[in-house]
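Below, read A as the first sequence line, B as the second, and so on, with proteins coming before strands; counting in each chain starts at 1. Reckoned from all heavy atoms, side chains included, excluding hydrogens, waters and symmetry mates.
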There are 2 protein chains.
Amino acid sequence: MEKFKKYLSSIASISDQEFIDSSSYFSPKKLKKGDFFVRENQVCPHLAFILSGTIRMFYLNDKSEEITSCFCTENNLTSSYKSFVLQEPSHLMLQAITDIELIVISYDGLQKLYNLFPVWQTIGRAVAEQEYFRMERYAAILNNESAKEKYLRLLKEQPEVLQLANIEDIATYLGVTRRTLSRIRQEISN
Amino acid sequence: MEKFKKYLSSIASISDQEFIDSSSYFSPKKLKKGDFFVRENQVCPHLAFILSGTIRMFYLNDKSEEITSCFCTENNLTSSYKSFVLQEPSHLMLQAITDIELIVISYDGLQKLYNLFPVWQTIGRAVAEQEYFRMERYAAILNNESAKEKYLRLLKEQPEVLQLANIEDIATYLGVTRRTLSRIRQEISN
DNA sequence: TAAAAAAAAGGACAAATGTCCTCAAGTGCT
DNA sequence: AGCACTTGAGGACATTTGTCCTTTTTTTTA
């Protein structure tokens, strides 16, 4: 829980007592490699903080191809955020690509925190803002960097993902085909 | 103001009295075509609701080329959101591409609303969530649609933008060069 | 209104990426 | 260990997109 408290402190000032009072609304959860945290068309039941492990977030495009939109790693939140917030069926799927340890909270639990502790209103807004900043950055990268630059960025920022994920998934994450990714890797190794 | 109230009601339930009490924190603002709402490296001073007109949001990439990231149209919020929320210098610029009428609120004004009216906590979170949803959708489109599909989507969803913005800006918005956009337009006209 | 300037269209070729494929290496299963 | 199965690398060619231009159209200004 210490990791989680540290994360919360980094986005809003929460006192020790507030954290203790809030913590009964959270519960631990483990997933095995390959398990789904969220399936397609399921309402995302939890917002989760990743204590350890990596989750692949993906969706099916109109040709029913899996498109990876994010690799979520430890010390970050994960969820099908829109589905969770609006309590509507998810178009995103979240699947563990390693064994995972999470701390999760349900939608109802979070609403209770909003009502009981004013600080959670601020945390809730800060989380939404953080998710926005992350997505804004992702969009700027998508729109502005070549596939090679994106690969090098992934190598720098999430090197473990290159070990854990398969080529196909990395390729769709970068927005290119397997063939192009293969060329990029060849180029870099020279 | 009626338009703005309608917008707020669509994202959180605000009573008539709450709206009246809040409204003194907002002020009207007009911009002429070509005026900047936010310049580069300026801390975005306001969050704005667009009553009428269109704003182009753009940034400079590492080759100092202007990349358009959004066209903001009436009945939507606009701001350099990250800059406004964190009160840090903006890398985004917002420029009017028509004459504009806005309703704006300052950062301090919004903090006061958060403190005075609990409903504003909810609105603030809902706004952050909305901005996130918009950006998530934009990223999915960027990563998944061809330039032609993106053009057709723009034609469908914001046809007025194709009249107002110049080709160069539309091209960078779609993530292609002028030449490619020219080819797309030729193809469609056949 | 005519000249100048700016914006958009489009030609020709180069570069990047995709498609479809085969081959090699690694993985799991019996 | 041996065989099927999966995964990644990379060849050959087609398609798409970019680069660098020139030409055409539109807009601005004297």
Side-chain angles (χ1 to χ4, degrees), chain A residues 32-35 54 56 58 60-68 71 95-99 141-155 158-190, chain B residues 32-35 54 56 58 60-68 71 95-99 141-155 158-190:
Chain A
K32 290 279 176 196
K33 177 175 174 175
D35 286 354
T54 300
R56 178 172 75 100
F58 65 100
L60 302 180
N61 69 7
D62 47 13
K63 290 152 209 140
S64 293
E65 298 157 338
E66 291 187 2
I67 309 295
T68 300
F71 292 104
Q95 186 177 25
I97 61 173
T98 65
D99 290 358
I141 290 167
L142 276 180
N143 208 16
N144 203 40
E145 294 190 352
S146 68
K148 190 179 174 183
E149 287 168 324
K150 284 186 276 186
Y151 181 84
L152 289 171
R153 177 188 293 280
L154 186 60
L155 183 63
Q158 298 188 297
E160 72 281 13
V161 166
L162 293 178
Q163 306 306 316
L164 297 170
N166 63 38
I167 290 287
E168 180 71 46
D169 295 340
I170 295 170
T172 67
Y173 177 67
L174 299 175
V176 296
T177 58
R178 250 177 311 161
R179 187 67 191 82
T180 298
L181 179 53
S182 164
R183 276 191 274 245
I184 289 167
R185 286 158 74 98
Q186 185 178 34
E187 228 183 303
I188 286 169
S189 70
N190 297 346
Chain B
K32 289 278 177 198
K33 177 175 174 174
D35 288 353
T54 300
R56 177 172 77 100
F58 66 101
L60 302 180
N61 69 6
D62 47 12
K63 291 153 209 138
S64 293
E65 299 157 338
E66 292 186 1
I67 308 295
T68 300
F71 292 103
Q95 187 177 25
I97 60 173
T98 65
D99 291 357
I141 290 167
L142 276 179
N143 208 16
N144 202 38
E145 294 191 352
S146 69
K148 189 178 172 184
E149 287 169 326
K150 284 186 276 187
Y151 181 84
L152 290 171
R153 178 187 292 281
L154 185 60
L155 183 65
Q158 299 188 295
E160 70 283 13
V161 167
L162 294 177
Q163 306 305 316
L164 298 170
N166 64 38
I167 290 288
E168 180 71 46
D169 296 339
I170 295 170
T172 67
Y173 177 67
L174 299 176
V176 296
T177 58
R178 249 178 312 162
R179 188 67 190 82
T180 298
L181 180 52
S182 163
R183 275 192 274 245
I184 289 167
R185 287 157 73 97
Q186 186 178 34
E187 227 183 304
I188 287 168
S189 72
N190 296 346

**Rounded interatomic separation in angstrom, taking CD1 from A:Ile170 and P from D:dT7** = 13 Å

**Message:** What is the distance, to the nearest angstrom, from the CD atom on A:Glu168 to the P atom on D:dA9?
**Reply:** 12 Å

**Prompt:** Got a donor-acceptor pair under 3.5 Å from the side chain of B:Arg183 to the base of D:dG18?
**Reply:** yes

**Asked** Which whole-number value in Å describes the distance from B:Gln186 CD to D:dT16 P?
**Response** 14 Å

**Request:** Could you check how far CD of B:Glu187 sits from P of D:dT15, rounded to whole Å?
**Result:** 13 Å

**For atom CD1 of A:Ile184 and atom P of D:dG10, their distance in whole Å** = 13 Å

**Request:** Among C:dG18, D:dG18, D:dA9, find the nucleotide with the atom closest to the side chain of B:Thr180.
**Result:** D:dG18

**Complete:** A:Arg179 atom CZ is separated from D:dT15 atom P, nearest whole Å, by 18 Å

**Request:** Check the distance between D:dT17's P and B:Tyr151's OH and give it to me in whole angstrom.
**Result:** 15 Å

**Message:** Could you check whether the side chain of B:Arg178 and the base of C:dG10 have a donor-acceptor pair of N or O atoms closer than 3.5 Å, going by distance alone?
**Reply:** no

**Request:** Would you mind telling me which of B:Asn166, B:Thr98, B:Thr68 makes a side-chain hydrogen bond (donor to acceptor under 3.5 Å, both in side chains) with B:Arg56?
**Result:** B:Thr68

**Message:** What I want to find out is whether A:Arg178 reaches A:Glu168 closely enough, with some N-O distance under 4.0 Å, to be called a salt bridge.
**Reply:** yes

**Message:** Looking only at the side chain of A:Ile167 (C-beta and beyond, no hydrogens), which of the listed nucleotides C:dT17, D:dA9, D:dC20 gets closest?
**Reply:** D:dA9

**Prompt:** Out of D:dA9, C:dA7, C:dG18, which has the shortest distance to the side chain of B:Asn166?
**Reply:** C:dA7

**Item:** Flag side-chain contact, heavy atom, 4.5 Å: B:Asp169 against B:Phe58
**Value:** no

**Item:** Heavy-atom closest pair, residues B:Leu174 and B:Ala147
**Value:** CD1-O, 4.5 Å

**Message:** Rounded to whole Å, how long is the line connecting atom CD of B:Glu145 with atom C1' of D:dT16?
**Reply:** 17 Å

